[in-house]
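As the structure is a computational prediction, the values presented were derived from the model and not from experiment. Chain letters run A, B, ... following the sequence lines, proteins first and then strands; every chain starts at 1.
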Amino acid sequence: MPELPEVETIARGLQQKVSGDVIESVWLGSKPQTMKSRPAEIAAALEHARITQVRRMGKHIVFDLERNGVPAAAKTRRRIKAPGPRAQWIVHLGMTGRMLVCEPSAELAKHTHAIVTLASGRELRFVDPRRFGRLSVASQGDFEAGGSEPLEVEKDRFVALFRGRKTPIKSALLNQKLLRGVGNIYADESLFRAGLRPRRRVSTITRARLEKLYESVQEVLKEAIALGGSSISNYVDADGEEGVFQLQHRVYGRAGEACLVCKTPIKRVVIVGRSSHYCPKCQK
DNA sequence: ACTATTTCCTGGATGC
DNA sequence: TGCATCCAGGAAATAG
């Protein structure tokens with residue numbers, strides 16, 4: 001399940017492989033729920049555009065596109081909203097989404113929902129069995145609004161985002177409108193390091209402890225990025241390499257196993273429909 | 001304005 | 001062995 005560190009790893013790999021390349025044609029599959037924008041709009045924005053940069057925002061991969069003097073007039077006449085000269089292709093991988101860069105001759109994976117052919121002769125393919133992933137297009141800047149980037153937000157702002165909320169801290173960490181990029185694994189790991197139980201109401205947490213959480217979130221995310229993310233549920237990066245941060249997990253997926261600090265068995269509870277793991281002794 | 005719950009989706013694991 | 005059932009979870013939609 002790609003969260004911030006996995007998406008960062010994938011985006012860096014794609015930046016290496018396809019930035020500067022030009023999109024020649026686009027094929028989109030017939031599963032409408034995988035498209036957040038209208039398919040015709042996605043195709044119009046991508047075709048003949050140059051990929052100037054690939055980067056991550058929250059859990060999204062952003063392809064910055066530039067159109068080099070190719071008039072979109074014909075498309076405009078058909079009332080397909082003309083993509084601006086500086087559009088963005090936004091990819092959300094959901095649970096099982098993959099972005100593959102491959103030769104056109106490469107075997108077509110089951111559940112391939114989009115194929116983008118590149119001027120370099122390669123293809124960029126979006127594959128997603130569970131179909132929680134989404135493709136969309138936006139104008140430059142539109143996507144910047146939203147939650148704060150956990151690795152860029154300042155401490156005071158982080159504290160202000162959470163203060164006073166009645167919801168469990170785990171729920172707040174997963175709320176992408178507050179902080180974007182933290183998912184189930186890194187929420188659990190951050191809470192363990194901050195000594196906070198996932199069910200703890202945000203409003204009962206002291207400012208000092210929220211500051212500790214801020215440090216924990218950054219620490220966990222930075223360590224995970226350095227290790228290429230966590231490879232569970234078949235996650236691999238743009239080169240098919242597995243990350244190794246799962247070996248550093250202290251609570252996630254360790255229900256019933258001994259806490260690495262105090263040996264107390266790790267508990268598992270369900271919050272917001274997600275499994276949450278914590279040490280009942282180390283976390284309050 | 002918030003918060004909680006439901007829904008979408010398939011493959012791998014588990015159960016009988 | 002084979003089939004049915006459960007479970008994983010991000011975020012949009014819905015309900016309170």
Side-chain angles (χ1 to χ4, degrees), chain A residues 1-11 29-38 56-62 90-99 108-114 126-136 138 142-143 145-150 160-191 198-205 217 221 224 229-236 242-243 245-246 249 251-256 266-278:
Chain A
M1 53 217 67
E3 301 180 27
L4 187 151
E6 292 77 29
V7 179
E8 178 70 31
T9 304
I10 292 165
S30 57
K31 303 294 182 196
Q33 68 274 49
T34 59
M35 315 288 163
K36 230 172 110 183
S37 306
R38 291 163 55 212
R56 175 198 62 76
M57 285 186 67
K59 296 175 194 170
H60 300 261
I61 303 169
V62 179
I90 314 286
V91 178
H92 191 286
L93 298 172
M95 288 283 291
T96 53
R98 308 261 300 265
M99 289 296 289
L108 201 62
K110 204 176 167 185
H111 307 296
T112 298
H113 304 301
F126 173 62
V127 181
D128 184 15
R130 212 167 290 178
R131 278 188 258 157
F132 273 25
R134 296 288 183 269
L135 305 183
S136 62
D142 283 5
F143 204 67
S148 301
E149 283 290 333
L161 281 174
F162 291 98
R163 284 206 106 170
R165 292 179 178 271
K166 294 192 180 76
T167 193
I169 184 62
K170 169 78 181 266
S171 177
L173 280 175
L174 293 177
N175 185 346
Q176 303 295 298
K177 290 189 174 69
L178 302 177
L179 213 57
R180 54 178 166 195
V182 177
N184 207 33
I185 296 174
Y186 299 101
D188 280 7
E189 293 299 316
S190 299
L191 288 170
R199 275 207 216 279
R200 179 80 176 267
R201 299 275 156 184
V202 182
S203 54
T204 69
I205 302 172
V217 168
L221 294 176
S230 302
S231 278
I232 56 177
S233 302
N234 303 318
Y235 159 78
V236 288
E242 294 195 346
F245 188 73
Q246 68 278 12
H249 292 177
V251 286
Y252 183 84
R254 298 193 64 246
I266 299 299
K267 276 199 166 189
R268 176 186 173 279
V269 294
V270 174
I271 301 171
V272 212
R274 317 249 205 306
S275 56
S276 303
H277 314 73
Y278 69 98

Side chain of A:P129 only, heavy atoms from C-beta on: which candidate in B:dT10, B:dC9, C:dG9 is closest?
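My answer, after comparing the listed nucleotides, is B:dT10.
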
Applying side-chain contact (heavy atoms from CB on, under 4.5 Å), name anything that partners A:K166, two or more places apart in sequence or on another chain.
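Here no residue qualifies.
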
[X]: which residues meet the side-chain hydrogen bond (donor to acceptor under 3.5 Å, both in side chains) condition with it, sequence neighbours left out?
X      : value
A:R165 : none
A:E189 : none
A:D188 : A:K170, A:H277
A:S171 : A:T167

Sub-3.5 Å pairs of nitrogen or oxygen atoms, protein against nucleotides 2-4 of chain B:
{"from": "B:dT3", "atom 1": "OP1", "to": "A:K166", "atom 2": "N", "distance (Å)": "3.1"}
{"from": "B:dT3", "atom 1": "OP2", "to": "A:R165", "atom 2": "NH1", "distance (Å)": "2.8"}
{"from": "B:dA4", "atom 1": "OP1", "to": "A:R201", "atom 2": "NH1", "distance (Å)": "3.2"}
{"from": "B:dA4", "atom 1": "OP2", "to": "A:T167", "atom 2": "OG1", "distance (Å)": "3.0"}

Taking ring pair (Phe, Tyr, Trp, His ring centres under 6.0 Å) as the definition, give me every residue that meets it alongside [X], ordered by chain and number, with sequence neighbours left out.
X      : value
A:F132 : none
A:H92  : A:H60
A:F245 : A:Y186, A:H249

Separation of A:Y278 OH from A:L191 CG (nearest 0.5 Å):
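Rounded to the nearest 0.5 Å, the CG-OH separation comes to 12.0 Å.
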
Between [N] atom [atom2] and [X] atom [atom1], what is the distance in whole Å?
X      : N      : atom1 : atom2 : result
A:D188 : C:dG10 : CG    : P     : 10 Å
A:R130 : B:dG11 : CZ    : P     : 9 Å
A:R131 : B:dT10 : CZ    : P     : 4 Å
A:L4   : C:dG9  : CG    : C1'   : 17 Å
A:M95  : C:dG10 : CE    : P     : 7 Å
A:I271 : C:dA8  : CD1   : C1'   : 16 Å
A:R134 : B:dC8  : CZ    : P     : 12 Å
A:Q33  : C:dG10 : CD    : C1'   : 15 Å

Hey, what bend do you get for the helix from B:dC2-C:dG16 to B:dC16-C:dG2 if you fit axes on five pairs at each end, rounded to 10°?
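End-to-end axis angle for the helix from B:dC2-C:dG16 to B:dC16-C:dG2: 50°, rounded to 10°.
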
Any side-chain N or O of A:Y252 under 4.0 Å from OP1/OP2 of C:dG9?
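Indeed, a polar side-chain atom of A:Y252 lies that close.
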
Quick one, give me the B/S/- string for nucleotides 11-16 of chain C, reading 5' to 3', where B means a protein heavy atom under 4.0 Å from the base and S means that only happens at the primed atoms, P, OP1 or OP2.
BS----

For A:R180, what residues pass the salt bridge (charged side-chain N to carboxylate O under 4.0 Å, His left out) criterion, not counting sequence neighbours?
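Expected list: A:E149.
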
With a 6.0 Å cut-off (strictly less than), is the heavy-atom count around NZ of A:K267, excluding the residue itself, greater than 12?
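No, because the 6.0 Å sphere around NZ of A:K267 holds 12 heavy atoms or fewer from other groups.
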
